[in-house]
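Order of the sequence lines sets the chain letters (A, B, ...), proteins ahead of strands, with each chain counted from 1.
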Amino acid sequence: MLWLFALIAGVLFGLYYGLAALGLNLIFGVMRMVNLAHGDVIMLGGFAAVLLFDHFGVNPLITVLLVIPPSLLVGYLTYYLLGRRVQRSRDPEMMSLVMFFGVSQVIEAVAVIAFGNNEASITSAVFGTRPFSIAGQGVPGAWLVSAGVGLVALVLLFLYLYRTSLGRATRAIMSSPDEARAVGVNPDRISALTFGIGVGLAAIAGILSLFMIGGTTPSEGVDLTVTAFAVIVLGGLGSPMGTFLGGIVFGLALMFTQTYAPVWSGFAPFAILLVIMLLRPTGLLGRTVRSV
Amino acid sequence: MSSVAQRLREGAGAVGRRPRRQMVGDVLLVVVPPAGFLVASLVYNNQLLLLTMMVYVALAQGLNVIFGFTGYLPFGYVGFFGAGAYGTALSVHFLHAPIALAVLLGGLAGLLVAALLSPLLRLTGAYFAIASLAAAEALYYLISNPQLTAVTNGPYGVNLASVYNSGAAYLAAVVLVGVAMLCVVWVRRSHFGMSLRAIRADPLAARLAGVNVVRARTFAWLISATLAGLAGAIYAWAVSVFYPEAVFDLSISVFAIVFALFGGVGTVLGPLLGAVILYGVYNYIGVSQPQDFQLIYGVLIVLIVLFLPNGLLSIRLRRLWRGR
Amino acid sequence: MPDQVDKCLEVRGLGAGYGSLQVLWDFDLEIGAEESVVVLGPNGAGKSTLLKALLGLLPARTGSISFFGRRIEGLRTSQRVRAGIAYMSEVGIFPELSVEENLLMGGYGLPRARLRRRIEELCQLFPEVARTRRGPAWKLSGGQRKMVGVAKALVADPRLLVLDEPSAGLSPVYVSNVVEALARTRREAGPALLVVEQNMKFLAVAQRVYVIEGGRLRFQGTVPELEADDSLRRAYFGLQGA
Amino acid sequence: MLIPRTRTVGLAALSALLTVGLAACGAASTTASSGAPKDIVIGTLYSGSGSFANSSLPEFQGLKFWISQENAGGGVYVKAFNKKIPIKLVALNDQSSTTTATTEYEQLVTQDNINIFVPDFGSVLTLPAVTIAQEHHMLLFDQTATGSPLFTPGNQYIVLCDLPLSAIWPDPLAHFILAQHISRVAILYGANDFDATQAATVKSVLAQGGVTPVYYQAVPTATTSYGTLLHDIAATNPQAVLELGYASNDIPFLQAVQQGGYHFGMVATAFPGQEFTLIENAVGKAGLSYTYTYGVPPYIKFNNVSEGLGTNAFIAKFGHGNIANVSFENVAGYNTGLIIQAALGHATKFTQLGMRAALFALSGHFTTLDGAFKLNSEGGQVGELLPLAQLFPTATGNEIKIVYPSASADHAPVYPAP
């Protein structure tokens, strides 16, 4: 039953990858900015969990809640200090990419100064060492916890976007920024809030990364950003549901190749991304763009 | 209808009636940068630094052709660079090609990969950027795969010591800079370049004006990839032993993009200045401030974007504008 | 000419543009309370720019804008909207949102209960909108979109309704539907109305007409006065009269 | 639109800039006068950040420790001038990037007038230095790069200081498996030169004993999630599971073993011996207990040495008496210094090939805290093999003990793991 385990692992990892990519998609959808420092925020979330655990014995699940307020603050500051100015440049999509490359370098350098270069981790025993049985397969508890947090985040985000006035305004900006301004939405306020939420989701994903991809180091940001990007493009830019679908496709591709052809497990997710892009150029759940 | 498309419809006549002063300027643009690097090698003997700088000039200009003139940003541009490096290595190993031919075959490898990937041009914006990145990653995992050791030597890397010749590689890079400048000058001045700009300004209008949008974009894509392939080929020759991750390093893409944007894309001089100055500064910081290298460089890039968001050449353009 | 107290909007010497490109020059415009005004002009004359500058989507470079006697050119868009200006762009809707959500966005910032009440009122006024309430807006036909757009713009009970080319991309049948809908709005003693258009159909709802060309004011007067002007008649009635 | 005149001005500015910038890069340099130089300039790179930083920095510290030791005693003894000469260090940061490393190596060699050329940690970052060293006739004091493409018959300009070639690392490990009569072996390795070489060695030694692995697969070096792989490995019912990767692979692998509740008779990974403190912090005490790893200094001890400090003395001085403060990389960096010291102290001519000749003359007659120093004809290190170590739980953590080969063992192996 190798395939069954791969299926379960693929879905669970998919939820984690979806969570890890969600913030990037929100920020891109609302601001058309490419946050190349996204992976570095994930890394910082991981370090937050390790430090709180090591020094105060804080359970990582508590840290998930603790990182939210500072993330919102960081998001606000980043938007008002850096993002807004770039958004008004000639080509915000590309200039933000370059700027956040710089930010990513700064975060990595500061993280090295603050935390050192070593891999930091929390022993996985926090979530038990006895695997849970799902459909007869022994699945590590930490995977279930991570996937569960991912699901909760998805549901909360869904409720926020579809059931609240601010969330509706957020989607309105994603749909058409000028139109949203014209009905009286203050795009700065929504953008700053969205940036905060995006940073928060990344930080939460970082905490879970400790258990899904084993530890965190200051240099892991780039790889995580690339993966997150692949996931949101797979699912469709500006589509939060699509992000999770993209995550699951990515997770399944990884787990099935790990099972049946491990040596191709680096190649397969990207090859599948390419194929899907060629068949459905706006991702799995992306809206068909009317273009020439 | 956009003004560029209108000019396009008025015909390419304007291209032929180029003023002589512009011709002289263009020739200088193609000849002076390589000459500058030739002279530089006489006064400064870290030739690998100069060679890498030239490689980045070629990459930034290649990126300029596709991004500056069509708006397509290939995040995985390094894929062509790596394809060029491996194209050369395989030509040497299996075809026993003389190195000059092997370098050209490296450029051809970049071109072939781009031709294979040309369906990606149906994508736009971030979708295109990430799809090209996925392609580069897939190519890396393919080439470094232990199951392909017999062909690519897999993860064990490449050794070109048998054809190593630092002086000749340097001259090849000098020529490459000239070729890259020539490509961009040509794209900028030619009817083809005007079509590209028309497409960028308004694809529909350009199509109505009789431009074959798909063909023009694909052509720019191939030029751009060939330049990267040649850059990879020459770099591979110059370092001669390398692991696959060294020539598929994502930071090569990022650097080329940052350099081009810093100088100003869509111009002839911008990416050249961007690569020379930013790569120069990068090395200067690396040599003088090794401890805080990354921090200083990161802050510098943020400041540049915040205070010079339209590239280096925008300063001059702004002044010219006011002068009028 | 409306007298000073009744003036809804008074624009003096307005200039605006994009980057190094100035599009609108020294433009004057007045709208009385409950008056409806159409600004006519060809493609690229600066009509949209005028509206964007009115709304604050584009900063005014020169001139002043008074709204019921209050200077608003320094206010943010959201503040102008709260003051009572509603705007329908050429697109007019949020394609990704449902029709209901579009209406909700039209009253962004209003108290919840009042917003609900307003939407029910409008659904009675625009039954064709009410029928499509749950579906996503991008599935609507062009005419339905305009209806939703107009309804959306009316949710906040504006004192001035600004429409950017409501006829764009519509077949003549739909254009008359939209005209009729606007006329309905007028009968309810609704807001002052400012429409920019290329299409003569909208003169049916106009009390006065402005003509803009090359970013400058070319003509202002009543519809009969416009029809009396030979060159303008040829330009606007001659070509599109049929 | 640009006008041609400004373009020409721009080009002139560019040329000027090039010249000024380059002059700035090459500003600092000292020239050796005739006779004895004022100081011995050692040029090296380190990774201040990036994926190699956690190995590179401790190695760099070890080298700096040696320099401070020598300079405190008035400098390093240079036989060719029969006197002690102070050491000057030029160190650049390559941030784990091979592209950056390449230009910086060239910078050291062409601009900084170095006498001794020491590359960064590991094969990936050392490889670019090999060509440069050869081109400029500088002897490369390779610290820890053991990959196969580094050593070629024609190249005289490289000596490996600290570790045996990676191809011979797993020799005792494979023989231990045969000695324990383990017949079901699973091998998972990283798709890179360093790990693939080791895996091939294990496989071929096992084949000599008639053992064919039940699972033999490569995964990309970037792999960080091992749950599914382990599940598939467990399905082959192995007695021994060998994971050959970098530290960034070993940590998630060992975590996944723990998370999944797997129990194998033998689990071996490459890096706990080299990065013990780091990995024990990351995976916890229980995650490491009874697993196997390569035994490296300072856990294999050499106190009877012909050059420099012995292991205990080094722990006392560098680690303030606590072995937990000393990593393998610290020892390796320090040992590189000792090899340089030996080369300078024995070469009759102060030239690069003179130093090489001296080291070849010493080969086989020379011991440091890193073990016996023995070179093959290509400059590769074939001295002391890496013995097999096992980690045993104590009250506070785990303890590394050498368990095989029995001649050097200080503890009996516990197989299968309890």
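Ion pairing between a basic and an acidic side chain is recognised when a charged N comes within 4.0 Å of a carboxylate O; Glu90(C) and Lys52(C) show no such pairing. Between Arg116(C) and Glu100(C), at least one side-chain N (NZ, or NE/NH1/NH2) sits under 4.0 Å from a carboxylate O, which counts as a salt bridge.
Ranked by non-hydrogen atom pairs under 4.5 Å with chain A, the options Ala86(C), Gly56(C), Gly92(C) are led by Gly92(C). Ranked by non-hydrogen atom pairs under 4.5 Å with chain C, the options Ser176(A), Ala182(A), Ala180(A) are led by Ala182(A).
Aromatic ring pairs are classed by plane angle as parallel below 30°, tilted from 30° to 60° and perpendicular above 60°; the pair Tyr79(A) and Phe195(A) is tilted.
Of the atoms belonging to Arg82(C), not a single heavy atom falls under 4.5 Å from chain A.
Between the side chains of Glu10(C) and Ser66(C), no donor N or O sits under 3.5 Å from an acceptor N or O.
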